[in-house]
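Take a look at the structure below.
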Amino acid sequence: MSGVRTLAAVALSLFAASNVAVLAAEPKKGGILKVHHRDSPASASIHEEATFSVNIPFMGIFNNLVMYKQDVAQNSLDSIVPDLAESWAWSGDGKKLSFKLRQGVKWHDGKPFTSADVKCTFDMVMGKSQQKFRKNPRKSWYNEVVDVTPSGDFEVAFNLKRPQPSLLALLASGYTPVYPCHVSPGDMRTKPVGTGPFKFVEFKANESIKITRNPDYWKKGLPHLDGIEYNIVPNLSTAILGFISGQFDMTFPTGVTIPLLKDVKAQAPKAVCVVAPNNVSTNIIVNSSSPPFDNLDIRQAMALTLDRKAFVSILFEGQADIGGTMLPAPGGLWSMPKEMLEKIPGYGPDINASREEARKLMAKAGYGPDKRLAVKVATRNIPIYRDPAIILIDQLKGIYIDGELEVVETANWFSKVARKDYALGLNLTGNAVDDPDQSFFENYSCGSERNYTNYCNKEIEKLFGEQSIEADVAKRKKLVWEIDKKLQEDVARPIIYHGRSGSCWQPHVKGITIMVNSSYNGYRYEDLWMDK
Amino acid sequence: MFAYIVRRLVLMLVTLFGISVIIFVLLRIVPGNIVDILFDAAGFVDQADKANLEKELGLDQSIVVQYMQWIGGLLHGDLGYSYVSEKPALQEILPRIPITAKLAALALLFSASIGIPLGVISAVKQGTRLDYALRVVSLSGLSLPSFWLGLLILMASVSMFGTMPIFNPNPATWTEAFAIYAVPAMAVGFRSAALTMRITRSSMLEILRQDYIRTARAKGASEASVNYHHALKNAVLPVITVIGIEAAFLIGGLIVTETVFNIPGVARFLVEAIRWRDYPIVQNLVMLIAVVVVVTNFTVDMLYAAIDPRIRYTD
């Protein structure tokens with residue numbers, strides 16, 4: 001009898017446990033999610049800004065035509081799902097991308113969403129409309145788009161100069177929301193109107209950003225939260241203390257440094273913390289148009305002397321990735337295989353042999369222990385730039401280069417770089433989408449505004465185009481690897497490492513997915529809920 | 001006296017005019033303007049877009065025209081628009097003033113109510129253990145940076161109470177309101193209290209050695225009467241001067257304290273505005289601070305005459 005009782009008790013407890021599990025998995029409605037925000041964004045207009053300080057609080061206000069599935073950590077063409085577009089189709093020649101749009105969707109102010117809004121948005125992004133953005137940082141993303149043509153109220157097509165399969169990847173980015181025609185760019189900067197799961201409530205500069213549940217959201221039953229409050233706390237120590245004391249449900253996504261993560265885990269052991277690559281590379285910019293770095297030997301010597309593992313070990317306690325231009329695997333989709341990477345000068349395992357070779361190149365260029373090369377190493381005056389610059393200066397000493405740190409205030413950094421008023425600099429490059437088109441054309445294409453080093457190699461430029469039109473992913477990957485290898489060999493912009501950072505949330509926050517190959521695309525937050 | 005006050009008021013206006021010119025010119029000498037920063041944040045420089053925005057914000061006009069427009073607007077109560085938020089500058093600045101004013105007032109109150117009595121005790125008990133202990137406290141107050149003290153307070157608060165006084169515009173309870181303002185005020189006022197204590201002590205020691213103090217004692221006055229009625233009243237003048245100066249310097253301490261305690265006051269807002277080169281906000285805020293400093297100086301000078309009958313401002 002007791003055996004039966006025991007069995008019954010076990011069965012009951014298992015049932016109860018499974019029931020609890022089911023209940024725990026069932027999203028609960030309501031609650032205001034409190035999130036720390038690292039700084040006060042310049043505006044609320046995603047199209048006009050180039051920082052995820054804007055995407056994070058405002059992405060939930062909008063919808064895209066298509067988007068990256070929010071619960072899949074790795075963004076890829078396979079993880080793109082319909083949003084305001086119900087479906088899409090490529091023409092046979094790959095030069096036309098057509099979308100069927102969802103019907104019955106309303107803007108937060110009650111006006112209906114139509115294909116005219118899609119045309120307005122992309123005409124404005126391409127700089128073709130009467131109304132202009134103050135700033136238009138991603139205009140070059142659509143260089144291959146001839147025009148956007150609506151067909152009736154619920155169909156729209158993007159007509160291209162040449163096939164560009166990755167256009168879909170760009171349209172899925174958190175940087176590509178659809179804006180309403182009837183709201184001016186000025187109003188979108190201060191009182192944004194969207195079709196998304198959350199409505200804008202207020203944006204108090206340096207204080208807070210509040211968004212509230214859209215009760216008429218076209219995805220029935222979503223969002224689960226009543227709203228989200230982003231408290232702007234620029235002081236990271238205060239913000240982390242706020243999280244530890246439970247005043248924030250979540251830290252600023254990707255806002256916890258690796259060393260700080262230990263403190264969080266020690267003081268809030270129940271917190272859920274995730275470390276992920278943020279697809280931001282730390283790299284060296286070299287002014288190759290003037291001496292001494294117009295000499296390829298010196299540039300190559302510099303690339304050879306880099307001990308990337310030392311950077312990763314000192315700054316990230318080993319938790320960062322070494323690679324070429326494209327984000328390394330497993331987070332990244334397009335990185336070279338390890339064996340190919342290690343064959344590139346400076347990436348081999350024997351750093352002493354590389355440095356010996358570097359010293360020979362320096363001797364060839366006329367430098368040695370008795371004739372050292374003095375240079376200023378310019379960088380932005382913020383720790384994520386300054387800290388690696390100091391390590392770089394230390395490593396350059398080994399090949400007779402005496403670097404002097406020149407810190408530049410943020411206000412003057414990009415102007416200085418654009419003027420080519422530097423010999424050597426340390427820079428960070430963020431990629432919104434893990435796609436070669438975005439990275440290559442933006443940073444290495446001849447004449448591109450963000451090609452700070454003015455690197456221009458017509459042969460490689462041709463390859464950029466070839467990989468861009470290639471629809472076969474396997475073939476495209478091989479082309480991308482070849483390009484990336486050449487960029488590193490040319491010392492176009494030597495990549496030191498790809499950073500990682502942490503995000504933490506309280507255990508009652510459910511449904512968060514931190515993207516592993518972009519910091520710009522995973523903040524719709526319509527599936528988030530709180531188990532309390 | 002009347003003529004003196006009028007003269008001072010005219011001098012104040014001249015000072016404020018000078019300050020307005022200096023602020024305006026200095027802001028424009030600093031490399032980079034709002035347009036540079038807005039575009040730098042986007043990581044690219046499109047010269048045509050930049051030129052359009054400079055025109056839209058009126059930054060393409062000559063510095064003299066820009067100054068005249070600002071002063072003209074100021075005289076009509078129009079402070080211009082924030083370049084960043086695109087809201088009227090007055091609308092941005094006004095709600096933040098009471099927050100910083102409360103903090104500053106509480107910090108000064110803390111400074112005076114702690115610094116003066118402890119300074120008197122330290123002087124009266126000169127050379128005793130209590131005096132040494134108080135001197136250590138005052139020295140540490142002068143040595144501890146307020147941002148560090150603020151962080152220590154926050155860490156202790158989280159560690160001991162599991163919470164911390166983070167700003168809430170509508171505190172639910174009296175204790176919450178107290179924690180929100182009083183704790184940061186103590187953090188920023190500690191340095192000022194330490195300085196007040198040291199000045200009070202040295203001033204008291206000097207006065208306590210005066211002949212009239214000895215006379216008061218010889219006449220049989222009680223120690224309390226000697227210390228507080230005869231000595232403190234005469235020792236307090238330099239203390240008032242220091243408190244007046246500290247009121248002006250307080251804004252520096254408030255910048256870090258408002259940052260550490262995440263208080264959305266004027267001081268933190270000013271730093272952010274400088275970072276963005278948001279000229280209308282910076283110019284008007286610095287003018288506001290200048291007015292506060294000038295008026296405080298004037299008030300302190302008037303207080304001298306009220307406290308010390310020997311001081312008279314003649315026509």
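Residue numbers begin at 1 in each chain, while the letters A, B, ... track the order of the sequences. None of the values given here were measured: they were computed from a predicted structure.
Annotation: salt bridge (charged side-chain N to carboxylate O under 4.0 Å, His left out) contacts of B:Glu56 (sequence neighbours excluded): A:Arg134.
In A:Lys416, the NZ atom is crowded: over 12 heavy atoms of neighbouring residues, nucleotides or ligands sit closer than 6.0 Å. Around atom NZ of B:Lys87, more than 12 heavy atoms belonging to other residues, nucleotides or ligands sit under 6.0 Å away. Within a 6.0 Å radius of OH in B:Tyr81, no more than 12 heavy atoms belonging to other residues, nucleotides or ligands are found. Within a 6.0 Å sphere centred on NZ of A:Lys128, other residues, nucleotides and ligands contribute more than 12 heavy atoms. Shown here is A:Lys376, whose NZ atom has no more than 12 heavy atoms of other residues, nucleotides or ligands within 6.0 Å. The local environment of NZ in A:Lys139 is sparse, with at most 12 non-hydrogen atoms from other residues, nucleotides or ligands closer than 6.0 Å.
Once rounded to the nearest 0.5 Å, the distance linking CD of B:Glu258 with CG of A:Asn235 reads 13.0 Å. Between B:Arg275 atom CZ and A:Ser40 atom OG the span is 8.0 Å, to the nearest 0.5 Å. Note that NE2 of A:His36 and CG of B:Asn262 are 8.0 Å apart. Values are rounded to the nearest 0.5 Å. For the atom pair OG1 of A:Thr238 and CE of B:Met164, the computed distance is 6.0 Å after rounding to the nearest 0.5 Å.
Heavy atoms of B:Leu154 lying under 4.5 Å from chain A belong to its backbone as well as its side chain. When heavy atoms are compared at a cutoff of 4.5 Å, B:Leu57 approaches chain A solely by way of its side chain, counted from C-beta outward. Only the backbone of A:Phe203 comes within contact range of chain B, with heavy atoms under 4.5 Å apart. For B:Tyr83, the part lying under 4.5 angstrom from a heavy atom of chain A is the backbone only.
In this structure a side-chain-to-backbone donor-acceptor pair under 3.5 Å is missing from A:Arg189 to B:Glu86.
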When you look at A:Gln247 and B:Thr163, which way does the side chain to side chain contact (heavy atoms under 4.5 Å, CB included) test go after all the steps? CA-CA 8 Å; A:Gln247 275 153 311; B:Thr163 186; 3.8 Å; yes

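Side-chain contact check for A:Glu207 versus B:Arg96: some heavy-atom pair is nearer than 4.5 Å. The closest side-chain heavy-atom distance from A:Lys204 to B:Pro95 is not below 4.5 Å. Side-chain atoms of B:Met155 and A:Leu241, non-hydrogen and from C-beta on, do get closer than 4.5 Å to each other.
Annotation for B:Trp276 and A:Ala42: closest pair CH2-CB, 3.4 Å, computed over non-hydrogen atoms.
Among A:Thr190, A:Val417, A:Asn206, the residue making the largest number of heavy-atom pairs under 4.5 Å with chain B is A:Asn206.
Contacts with chain B (heavy atom to heavy atom, under 4.5 Å) involve no residue of residues 438-448 of chain A.
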